[in-house]
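Written below as C-alpha cells is the structure these notes are about.
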Amino acid sequence: MLRYPANEDVTLESYFGVFRYSRRAIQLVWSTHRGLTIALALFTVTAGVLPAAVAYVGKLIVDGVVSEIVTVQDGGSAEYSLVFAWVIVEGLLVAGLAGVQRAIGFCQALLRVLLSQRVNILILEKALTLDLAQFEDSEFYDKLNRARQEASSRPLSLVNRTFGLAQHGISLASFGGLLLQFSPWAVLILIAAGIPAFAAETAFSGERFRVFRRRSPERRMLLYLEMVLAREDHAKEVKLFSLGRELMSRYRNIFGVLYEEDRKLAIRRDGWGFALSLFGNVAFYSTYAWIAVSTIQGSISLGEMTMYLLVFKQGQSSVSSMLTSIGGMYEDNLYLSNLYEYLEEETPQGHGISTTGPDPSAGLTFDNVSFTYPGGSHSAVRNVSFSIRPGQSVAIVGLNGSGKTTLIKLMAGLYPPDSGSIYYQGMELSQWNLAELRKSIGVIFQDFNRYQLPVGENIGVGDVGHLWEDERWIDAATKGKAAKFIDKLPEGYQTPLGRWFNKGQELSGGEWQRVALSRAFMRTGADILVLDEPTASMDSQTESEIFDDFQSLTADKIAILISHRFSTVRRAELIMVMDQGEIIERGSHGELLAMGGQYARLFELQARGYR
Ligand code: ADP
C-alpha cells in the first residue's frame with residue numbers, strides 16, 4: 001500500500017487554503033461571460049440585503065399594529081392604511097427576494113454550460129501543446145485526468161459557493177446593522193457565536209483538502225481497477241484468467257483504507273462541529289432572553305423585539321449556510337488546484353521555425369544520439385549514429401526492447417535526445433518547425449490508434465489535409481490491402497469502426513493493421529515513411545505484397561521498416577541490428593550473413609523454423 005508523508009504544518013495560509021482558488025474561479029467566470037457575472041454579483045448582493053429589509057418592515061408592521069391597538073384602547077378609531085401599506089411592501093420585498101433567487105439560478109445555469117465548455121477547451125488546447133513525455137509521466141497524467149473529471153461542474157460550484165458566502169456575509173452584516181440599534185454587544189455575540197464553528201469548519205476543510213491531494217495515487221489505482229473490471233476490451237482477459245476476484249479484493253482493500261481515513265476525519269470534524277455549535281446555541285438563547293427582558297422592561301418596542309428575534313435567528317442560519325459553503329469549498333478548491341496545476345504545466349520549450357533544411361538530399365542523420373526515458377533506469381537508445389539518404393530503404397531488426405521504436409520516436413521529434421544530434425535535410429531537428437517536420441514524416445506505430453470513426457476517415461487521418469477525399473481513401477486502402485474487406489462492410493467506407501457508436505463494426509487485429517497501413521499510403525507527401533511492425537498479424541504472403549507496394553511508393557523517399565520477418569527485412573538495402581539500445585551490426589542482408597553475427601544467428605533460427 002502506498003503511504004505518503006503528511007506534510008501538514010498548519011500555517012495561517014494553509015488554514016485559509018479553502019479560499020485559495022476563489023479569486024481565480026471568479027476570474028475564470030468573469031472572463032467567460034462578463035454580463036452574466038455582473039448580473040450574478042448584483043443579484044447576490046440584493047439577495048443578501050433583502051432579508052434584513054424584510055425584517056425591518058416586519059418591525060414597522062408590528063409597531064404600527066401596536067400603536068393602532070393603543071389608539072383603539074384609548075377610544076380613538078383605528079387607522080389601517082399605514083399597516084396595510086407596510087404589509088404590501090413586505091409582500092413585495094418577499095416576492096422580490098424570490099425573483100432575485102430565481103435570477104441567480106438562471107445566471108448560474110447559463111454560466112454552468114458556458115464555463116464547462118470553456119474549461120474543457122482550455123484543457124484540450126493545453127493537451128495539444130504538450131510533449132509525449134509529459135503524457136507518459138504518471139504524475140502529470142494524474143493532473144490531466146483530475147482536471148478533466150468534473151470540469152463541467154466544479155468551477156461554477158466554487159463560484160456559487162463563494163457568492164453564496166458573500167450573500168450570507170452581506171445578510172449577516174445587514175442584520176448586524178439592525179442589531180446595532182439594540183446593542184453593539186448583541187452584534188458582537190452574533191458574530192462571536194459563529195466564530196468557533198466557522199474556525200473548525202475552515203480548519204477541517206483545509207485538512208480534508210490536503211488529505212485528498214495526498215491520496216492521489218490510491219485513487220488513481222481505484223479508477224484503474226474500475227476500468228479493468230468494467231471495460232469491454234479488458235473483459236476477455238479478466239474472465240479467462242479469473243482475475244475478477246483478485247482485482248475486486250484489491251479494490252475493496254484500497255477503498256477500505258481510504259474510507260477509514262475519511263471516517264476518522266469525519267468523526268473529528270462533526271464532533272468538534274457539534275460541540276462548538278452548542279456554544280453558539282447558548283449565546284443565541286442568552287441573547288434571546290436578553291431581548292425578551294428588554295421588551296418587558298419597555299426599553300424596546302414589541303416591533304423591535306420581533307425584528308431582533310427574527311434577525312438573530314436568520315443571522316444564525318446565515319452563519320450555518322456560510323459553514324456549509326465552506327465545507328463544500330474544499331472539494332472545489334481541490335478540483336481547481338488540479339486544473340490550474342495542469343494548465344500551468346510548463347509547455348515544452350518552443351521548437352525552431354525552419355520549414356526546410358539547407359540540403360534536401362542529405363536525408364536523415366543520427367550523430368551519437370542517446371536517450372533515456374524520463375524515470376527510466378537504463379538508456380533506451382545509446383550512442384547511435386547513422387545516415388540514410390532519400391531513396392534508401394532501411395530495415396531495423398532486434399529483439400523486443402532493443403530500442404527500435406524509441407529510435408523512431410526520436411526521429412519524429414516526439415522526444416528530444418538527451419545527447420547527440422539528429423539532422424534532417426542537414427538541419428538539426430530542434431531548429432525545425434515541428435508541424436512542418438511532422439508533415440515530412442509518416443509513421444505507423446505498432447500501437448496505432450483505432451479511431452472510433454468511419455473506416456474511410458480512419459484511413460484519411462493519415463493525411464489530415466485530405467481527410468475527406470474518398471478517392472484517396474480507396475487508393476490507399478487498395479495499397480494497404482484493406483480495400484477488399486472494406487467493400488464487404490455494410491456501409492463501405494462510411495462504416496463506423498469500434499463499439500462506441502451505433503452500428504460500429506469491430507475488426508480483427510489483422511484488418512485493423514491493414515487500415516493502419518492504408519494510413520501510411522495516404523501520406524504521399526511525406527519524405528520519410530516508417531512502418532513499425534504494422535504487419536505482425538498478417539500472413540507472410542500479404543506482408544510481402546504490401547512491401548512491394550511500399551517500396552514502389554517510396555522509391556525517392558526514405559523508407560524505414562521494423563519487422564521480425566526476415567523474408568521482408570532482407571530486401572532492404574541497409575539493415576541495422578539493434579541490441580540494448582545500440583546498433584551492433586549494419587549492412588545488407590548478404591553482408592550481415594557473411595559477418596556471422598547476431599543477424600546471421602537470428603536469421604538461421606527463423607529459417608530453421610520454416611524448414
Ligand atoms: P523495441 O521497439 O525494440 O521493442 P522500445 O524502443 O519500445 O523497444 O523500448 C526500448 C526500451 O525503452 C525498453 O527497455 C523499454 O522498457 C523502454 N521504454 C519503451 N517505451 C517506454 C516509455 N514510454 N517509457 C519508459 N520506458 C520505455
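Keep in mind that the numbers below use all heavy atoms, side chains included, and drop hydrogens, waters and symmetry copies. Just follow the structure's listing: the first ligand is 1, and inside any ligand the first atom is 1.
The pair R472-D463 meets the salt-bridge criterion, with a side-chain N (NZ, NE, NH1 or NH2) lying under 4.0 Å from an Asp/Glu carboxylate O. Look at R586 and E591 and you find no salt bridge, because none of the NZ, NE, NH1 or NH2 atoms lies under 4.0 Å from a carboxylate O.
Contact residues of ligand 1 (protein heavy atom closer than 4.0 angstrom to a ligand atom; sorted by chain and number): E136, Y373, H378, A380, L399, N400, G401, S402, G403, K404, T405, T406.
In this structure, the ring of H589 has its center less than 6.0 angstrom from the ring center of Y599.
With no hydrogens or angles considered, no side-chain donor-acceptor pair links R570 and S588 at under 3.5 Å.
Among residue pairs with one or both ends in residues 419-442, those qualifying as ring-ring contact (aromatic ring centres under 6.0 Å, His included) are Y424-W432; sequence neighbours excluded.
When the shell of 6.0 Å around CD of E471 is examined, it contains 12 or fewer heavy atoms from other residues, nucleotides or ligands.
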